[in-house]
**Q** 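Structure incoming, see below.
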Amino acid sequence: MKTYFSNVFVIVLCIIGGHFSFAQEAEWKAPKSAEALKNPFKGNANATVEGKHIFEQMCVLCHGIKGKGNGEAGLTLERKPANFLALKVKNETDGVIFWKLTNGKPPMASYEELLTEEQRWKLVNYIRELEK
């Protein structure tokens with residue numbers, strides 16, 4: 001009986017510890033330096049249109065048409081894609097969003113080698129447009 005309770009105790013600790021570590025991993029913070037990055041295409045309507053095309057090709061599958069994190073492929077992921085309409089994302093600077101697009105965090109791919117710097121900034125423009 002004592003062994004049973006010891007095993008149950010260990011299992012409970014593993015479950016609690018697993019949830020705690022997942023909660024820590026769920027927070028994705030960019031370095032402070034990312035906050036200061038300036039979007040060279042801010043307010044550029046043509047860049048936003050180009051960003052929309054990039055979004056439709058690269059992001060819709062996981063993030064969904066409206067950017068709510070409910071794309072078909074995203075629904076199958078253990079860690080759900082970001083909802084770009086969430087207050088958390090809205091409060092991030094363009095630089096932070098750019099940094100996250102650039103670096104990625106599994107299952108989110110890094111787009112540093114898939115998209116040019118300009119394309120990533122244009123994508124930031126379109127992500128901001130989703131808020132409207």
**Q** Could you check whether atom NZ of Lys80 has more than 12 heavy atoms from other residues, nucleotides or ligands sitting under 6.0 Å from it?
**A**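 Check passes, neighbour count above 12.
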**Q** Rounded at 0.5 Å granularity, tell me how far CG in Asp94 sits from NZ in Lys42.
**A**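 Spacing of CG (Asp94) from NZ (Lys42) equals 5.0 Å.
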**Q** Say you draw a straight line from NZ of Lys90 to CG of Leu130; how long is it, rounded to the nearest 0.5 Å?
**A**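 Answer for the NZ-CG pair, Lys90 versus Leu130, is 10.5 Å.
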**Q** Exactly one of Phe98, Tyr126, Tyr111, Phe41 should register a ring pair (Phe, Tyr, Trp, His ring centres under 6.0 Å) with Trp121. Which one does?
**A** Phe98
**Q** Any salt bridge linking Glu35 with Lys32? Criterion: basic side-chain nitrogen under 4.0 Å from a carboxylate oxygen.
**A**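 Salt bridge present between Glu35 and Lys32.
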**Q** Of all the heavy-atom pairs spanning Arg120 and Thr102, show the shortest one and how long it is.
**A** NH1-OG1, 2.6 Å
**Q** I need the minimum non-hydrogen distance between Val89 and Arg128, along with the two atoms involved.
**A**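 So the two residues come closest at O-NH1, 3.4 Å.
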**Q** In this structure, would Phe84 and Ile65 fall into the same cluster of hydrophobic residues linked by side-chain contacts under 4.5 Å?
**A** yes
**Q** What is the minimum heavy-atom distance between Asn70 and Gly64, and which atoms define it?
**A** OD1-CA, 3.7 Å
**Q** Does Ile97 belong to the same Ile/Leu/Val/Met/Phe/Trp/Tyr cluster as Leu114, with side-chain heavy atoms less than 4.5 Å apart forming each link?
**A** yes
**Q** Can you tell me how far CG of Leu37 sits from CD of Glu117, rounded to the nearest 0.5 angstrom?
**A** 8.5 Å
**Q** What closest approach, in Å, do Lys100 and Glu92 show between heavy atoms, and which atom pair accounts for it?
**A** NZ-OE2, 2.6 Å
**Q** How many angstroms lie between atom CG of Leu123 and atom CD of Gln57, to the nearest 0.5 angstrom?
**A**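 So the CG of Leu123 and the CD of Gln57 are separated by 10.5 Å.
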**Q** Can you see which heavy atom on Gly67 is nearest to which on Phe55, and at what distance?
**A** CA-CZ, 4.0 Å
**Q** Measure the spacing between CD of Gln119 and CD1 of Ile54 and express it to the nearest 0.5 Å.
**A**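 The distance works out to 4.5 Å.
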**Q** Can you give me the closest heavy-atom contact between Cys62 and Pro81, atom names plus distance?
**A** O-CG, 3.3 Å
**Q** Would you compute the distance between atom CG of Leu85 and atom CG of Leu87 and round it to the nearest 0.5 angstrom?
**A** 11.0 Å
**Q** Look at the side-chain heavy atoms of Ile, Leu, Val, Met, Phe, Trp and Tyr, link any pair under 4.5 Å apart, and say whether Leu101 and Leu77 land in one connected group.
**A** no
**Q** His63 side chain to Ala82 main-chain N or O, any donor-acceptor pair under 3.5 Å?
**A**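 Side chain of His63 to backbone of Ala82, a donor-acceptor pair under 3.5 Å: yes, one is there.
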**Q** Is it true that Ile127 and Met108 fall in one hydrophobic cluster, defined by side-chain heavy atoms closer than 4.5 Å?
**A**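 Yes; Met108 is reachable from Ile127 via cluster members.
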**Q** Taking atom types as modelled and ignoring hydrogens, do the side chains of Asn125 and Asn44 form a donor-acceptor contact shorter than 3.5 angstrom?
**A**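 There is no such pair between these side chains.
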**Q** State whether Lys122 and Glu50 are salt-bridged, where the test is any N-O pair (Lys NZ or Arg NE/NH1/NH2 against Asp/Glu carboxylate O) under 4.0 Å.
**A** yes
**Q** Is there side-chain contact between Pro107 and Arg79, with at least one heavy-atom pair below 4.5 Å?
**A** yes
